Amino acid sequence: MHHASIILALASAPGWSERALIRASGAGSLELLDRRLERPLSRTRAARAVRLLLGPDQGLPCLACVYESPRSYTGEDGFELIIPGSPLLASRVVNSLIAASEANARLATPGEFSARAYMNGQLDLDQAEGVSALIAARSRAQADAARRLLEGARGQEFRAWYEEVVSLLALVEAGIDFTDQEDVVPITADELRRRLGVLESSMTSALGGAGVRPATAAPVVALVGPPNAGKSTLFNALLGRTRSVASAVAGTTRDVLREQLDLNGDVPGAGSVELLDLPGLETTPIDGSRSAAAAQQAARRALAEADVILHCDPSGVFVPVERNPAATVIRVQTKADLAAFQPVAPSERVMAVCSLDGWHIGPLRRAIADTATGPSDAVERANLIPRHHRAVAGAVVAISTAIQLCTDGSALDSAVVAQSLREAADHLGDLAGRISPDDVLGRIFATFCIGK
């Protein structure tokens, strides 16, 4: 990223709208704006009505806000223009500013505004990732996790964990250095075990417990039931398109199919879920082939990760299945169009649907949204975004190993314990503000959209 240049971008959503926002940052950006205005703008943070010159006798009324370094998002001089929301007009304004810059301005790359804010000390890495996560958030839980990063509290916790691990590592390594002096014991095994236990408890709490996925992971909703229960037809009906092959022949589905299902139209703010169509679960296999056995294994693995289960059975019997105990089950009586269909008693809390004509598909989608992404937060999520979740989980494994080495009844092997603590420190280092490798920085800011 070239910090000597001025970067410009359309920062509002693409397409037609009432207003569009154009953002610029970099040394010389305020002088560039003055060259394109009918009258130079005073250096004030208030929005001012201005007239932007696009050509001879062509002035565009707009609102302008200027930001002087370091009191700006990026820490550089910058400005924002609010103009009518025509994509053609926005493109013309950006191109006019670039042309007037004498080759010192260019279009911003994805995430470059936030990357400059990070490089200039306006954001730490956790806050920058919080910006990215907030942009990508598609549910309340995801937005809440992103805000925790933006507020900086999570970064302070990461740094506290890292400092404690490094401190314990230093004490353990000091013990190695003074092995020839019996009266020098930098830290006892009991004290080390106690402090590591406090660390492990705090980090496990942030993870949300075993099997809990990151906050930004979409809830998993799995269609489960016996072969030929109408799961694939229901899968297609929920998606609104044909994705899975539906057949009257039992056992057609052999793979776990995964698709994103957007539920915002059913419950505003609900976000998306990951919808899974599983092979039919068989107690007595119809087909004893190797591929059939593999399909059963894949279905049961997917069932174990599901947050919400759509238990499908046209008969209304609903034979219990092995599942994640924390998952919520919605029982769905499929094939309500058949002449032989017999609805179960209303007290059984079963939703009857017909996937062919869409009967009750809308209420089922709303039930999925309420269960998987509703305000009750029925689906448990950790308070960490995926990269942080992986790093903390890896550190917990290393710390657990160190605790075990302190409690196995044998003499403390300081060298082996130190190795485990080094692994924990490596996992936590990037999260604690230690300089990250270029590829990590690149991956973070590449996930941003233009103008952010």
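Here the structure is a predicted model, which is why all the values come from computation and not from measurement. FYI, side chains are in, hydrogens and waters are out, and symmetry mates aren't considered; it's all heavy atoms of this structure. Starting from 1, each residue takes its place in the sequence as its number.
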- The reported gap from CG in Asp370 to OG1 in Thr328 (rounded to nearest 0.5 angstrom) is 11.5 Å
- Quick one: does Gln260's side chain have a donor or acceptor within less than 3.5 Å of a partner on Glu274's backbone? no
- Message: With no hydrogens and no angle check, just 3.5 Å: does a side-chain donor-acceptor pair link Glu191 and Thr188?
- Response: no
- Query: Going by an N to O cut-off under 4.0 Å, is there a salt bridge joining Glu164 and Arg195?
  - Reply: yes
- Check: Leu421 and Leu196 side chains under 4.5 Å, non-hydrogen atoms: yes
- Looking at side-chain heavy atoms only, is the closest gap between Leu261 and Leu239 below 4.5 Å? yes
- Query: Does any non-hydrogen side-chain atom of Tyr67 lie less than 4.5 Å from one of Glu80?
  - Reply: yes
- Query: Can you tell me how far the OG1 atom of Thr334 sits from the NZ atom of Lys231, to the nearest 0.5 Å?
  - Reply: 8.5 Å
- Message: For Ala237, is there any backbone N or O sitting under 3.5 Å from a side-chain donor or acceptor partner on Ser355?
- Response: no
- Spell out, as yes or no, whether a donor-acceptor pair under 3.5 Å connects the side chain of Asp262 to the backbone of Ser272. no
- For the pair Asp77 (side chain) and Ser69 (backbone), establish whether a donor and an acceptor sit closer than 3.5 Å, ignoring hydrogens and angles. yes
- Judged by atom type as modelled, is there a donor-acceptor pair below 3.5 Å linking the side chain of Ser167 to the main-chain atoms of Glu163? yes
- Message: Counting neighbours of CZ on Arg241 that are heavy atoms of other residues, nucleotides or ligands and sit closer than 6.0 Å, is the number greater than 12?
- Response: yes
- Message: Using 0.5 Å steps for rounding, measure from the CZ atom of Arg23 to the CG atom of Leu81.
- Response: 11.5 Å
- Query: Quick one: does Ser400's side chain have a donor or acceptor within less than 3.5 Å of a partner on Val396's backbone?
  - Reply: yes
- Closest heavy-atom pair and its distance - Ala418, Leu169: O-CD1, 3.5 Å
- Message: side chain to side chain contact (heavy atoms under 4.5 Å, CB included) for Val417 and Leu168? Distances and angles first, verdict last.
- Response: CA-CA 10 Å; Val417 172; Leu168 293 175; over 6 Å; no
- Atom CG of Leu356 and atom CG of Leu234: how far apart are they, to the nearest 0.5 Å? 10.5 Å
- Task: May I ask you to test the Arg243-Leu238 pair for a side-chain heavy-atom distance under 4.5 Å?
- Result: no
- Quick one: does Val165's side chain get under 4.5 Å of Ile399's, heavy atoms only? yes
- Check for a donor-acceptor pair, side chain of Ser12 on one end and backbone N or O of Leu21 on the other, with a separation under 3.5 Å. yes
- Message: Does this structure show an ion pair linking Arg71 with Glu68, if we count only N-O contacts that are shorter than 4.0 Å?
- Response: no
- Item | Sidechain N-carboxylate O distance under 4.0 Å for Glu173, Arg422 | yes
- Keeping the roles fixed (side chain from Thr204, backbone from Glu200), state whether a donor-acceptor pair exists under 3.5 Å. yes
- Rounded to the nearest 0.5 Å, what's the gap from CD1 on Ile368 to CG on Leu263? Could you check? 6.5 Å
- Quick one: do Arg301 and Val256 satisfy side chain to side chain contact (heavy atoms under 4.5 Å, CB included)? Show the steps, please. CA-CA 10 Å; Arg301 283 196 302 269; Val256 176; over 6 Å; no
- Message: How close do Trp161 and Leu199 get, counting heavy atoms only, and between which atoms?
- Response: CD1-CD2, 3.7 Å
- Would you check if Val319 and Pro226 make a side-chain contact, meaning some heavy-atom pair closer than 4.5 Å? no
- Message: Does either side chain, that of Ser232 or that of Asp277, offer a donor lying less than 3.5 Å from an acceptor on the other one?
- Response: yes
- Item | Least distance between heavy atoms, Gly230 atom then Lys335 atom | N-CE, 3.8 Å
- CZ/Phe158 to NE2/His427 distance, rounded to the nearest 0.5 angstrom? 14.0 Å
- State whether the side chain of Ser29 and the backbone N or O of Gly26 hold a donor-acceptor pair below 3.5 Å, judged by distance alone. yes
- Shortest non-hydrogen contact from Leu123 to Ser114? CD1-O, 4.2 Å
- Message: Working note: Arg258 + Leu275, criterion side chain to side chain contact (heavy atoms under 4.5 Å, CB included); need CA distance, chi angles, decisive distance, verdict.
- Response: CA-CA 6 Å; Arg258 298 173 179 263; Leu275 189 66; over 6 Å; no
- Task: Give the minimum heavy-atom separation between Leu278 and Ala299, together with the two atoms involved.
- Result: CD1-O, 3.6 Å
- Query: Would you call Leu8 and Arg106 a side-chain contact if the rule is heavy atoms closer than 4.5 Å?
  - Reply: no
- Taking only residues two or more places apart in sequence, or in another chain, which ones meet His311 in a ring-ring contact (aromatic ring centres under 6.0 Å, His included)? Phe318
- Query: Which heavy atom of Ser420 sits nearest a heavy atom of Ala398, and at what distance?
  - Reply: O-CB, 3.4 Å
- Message: Strictly distance-based, threshold 3.5 Å: is any side-chain N or O of Arg193 a donor or acceptor partner for the main-chain N or O of Cys406?
- Response: yes
- Sub-4.5 Å side-chain heavy-atom contact between Glu423 and Thr401: no
- Item | Pair Ser25-Thr74, side-chain donor/acceptor within less than 3.5 Å | yes
